[in-house]
There are 2 protein chains.
Amino acid sequence: MKLTTRGRYAVTAMLDLAIHGGGQPTTLGDISRRQEISLSYLEQLFAKLRRENLVVSIRGPGGGYQLARGDAAIYVAQIIDAVDESIDATNCQGKGDCNHGEVCLTHHLWQDLSDQIHNFLSDISLADLVSKGSHNGTRVSGLTDAQMVSVRQL
Amino acid sequence: MKLTTRGRYAVTAMLDLAIHGGGQPTTLGDISRRQEISLSYLEQLFAKLRRENLVVSIRGPGGGYQLARGDAAIYVAQIIDAVDESIDATNCQGKGDCNHGEVCLTHHLWQDLSDQIHNFLSDISLADLVSKGSHNGTRVSGLTDAQMVSVRQL
DNA sequence: AAATACCTGAGTAGTTTAGTCGGGAATTGT
DNA sequence: ACAATTCCCGACTAAACTACTCAGGTATTT
């Protein structure tokens, strides 16, 4: 799990799609203009998003991109994973061939930490972000009350 | 909030300090050997960790580094923030001078998301990671049962 | 005085980021 | 048929970042 600006670009673009893509395809040119991301860069990102089946493309005039499914079924973690191919956090490729036992200890600890962040982002959907924006509040709507409490505790 | 290999190095090194630094100062050379991180790179990281008052240094023979306070009072988020200076996620520097209102909308959404990850890592201390390692289990010990439920839900 | 260990800054090969550029291929409207 | 639109694809690139090395310091202990 990596958290870079590229992931942010992808999430922003997907969020733009979710907000402006009511049934009709949205052009990368439109997203580029609205979000001020270069068209060619968007093309690279959407090539990856399409390969991961997060969006579908329609060619020709009137074409563009659409979410591959409802915005409630697309999660932030999926978007980030699609554009930021994951790194091997273990440094010994999980083979456990580290010289000292403690090295692997810390590696595994980090792996678990990374997994927890991943799980965290795996429960925030585009719909959550969209509804949050429209309500202009400080909480992520779309989550249950119990989950909100969880977020607070963490 | 950025999540890179540099942050992982820093967390690993601090965890090594927490595990091996029982009262005595720990040498960067020791950490370098145990964790297989280059000495000079460690020096750069620890310069930043010291500036953020996460460690204290003792010079001369028998010197080294110590945690600036108990391992239960040092959190993963602090370590990562210390070495990975944060990027401005807003792109308009929070001045709200974006041309279109929607740009700032998505920027703030991302900011909030980033904050939530930050809050998440702000509640995992070195002590949590140390105790997890010693128990060799799959849960982060040191958290309350309620918090563990939260982690599961997220 | 000598050894230890932190401290600092400058440089650097390799990778990643965030693009540009140039050309295609599919689809639509005339 | 033809032009416009839009996705698609690969190669290239300046700038930044990563993970180092190197060369010297400075403080402290023996």
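Per chain, numbering begins at 1; letters A, B, ... match sequence-line order. Quantities reported herein were computed from a predicted structural model and do not represent experimental measurements.
- Applying the 3.5 Å distance criterion, the base of dT21(D) shares no donor-acceptor pair with the side chain of E43(B).
- For the pair R51(A) and dC8(D), the criterion of a side-chain N or O lying under 4.0 Å from OP1 or OP2 is not met.
- Nearest-nucleotide positions on DNA chain C place S40(A) closer to the 5' end than the other of I58(A) and S40(A).
- Between S38(A) and the phosphate of dT20(C), there is a side-chain N or O to OP1/OP2 separation shorter than 4.0 Å.
- Checking P61(A) against Q44(A), the closest nucleotide of DNA chain D that is more toward the 5' end is the one next to P61(A).
- Remark: the D16(B) side chain and the T26(B) side chain contain no N/O donor-acceptor pair separated by less than 3.5 Å.
- Look at Y9(A) and you won't find any side-chain N or O under 4.0 angstrom from OP1 or OP2 of dT17(C).
- Under 4.0 angstrom from either OP1 or OP2 of dT28(C) there lies no side-chain N or O belonging to R59(A).
- At the phosphate of dC7(C), OP1 or OP2 sits under 4.0 Å from a side-chain N or O atom of S57(B).
- When the side chains of ILVMFWY residues are joined at heavy-atom separations under 4.5 Å, either directly or via intervening members, I80(A) and Y75(A) end up in two distinct hydrophobic clusters.
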Verdict with reasoning, L126(A) to L17(A), per side-chain contact (heavy atoms from CB on, under 4.5 Å): CA-CA 10 Å; L126(A) 282 180; L17(A) 250 191; over 6 Å; no
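- Distances shown here put every side-chain N or O of R50(A) at or beyond 4.0 Å from the OP1 or OP2 atom of dC7(D).
- The hydrophobic clustering, which links ILVMFWY residues whose side-chain heavy atoms are closer than 4.5 Å, places Y41(A) and L39(A) together.
- Remark: Y41(B) is not in phosphate contact with dC22(D), judged by side-chain N or O atoms under 4.0 Å from OP1 or OP2.
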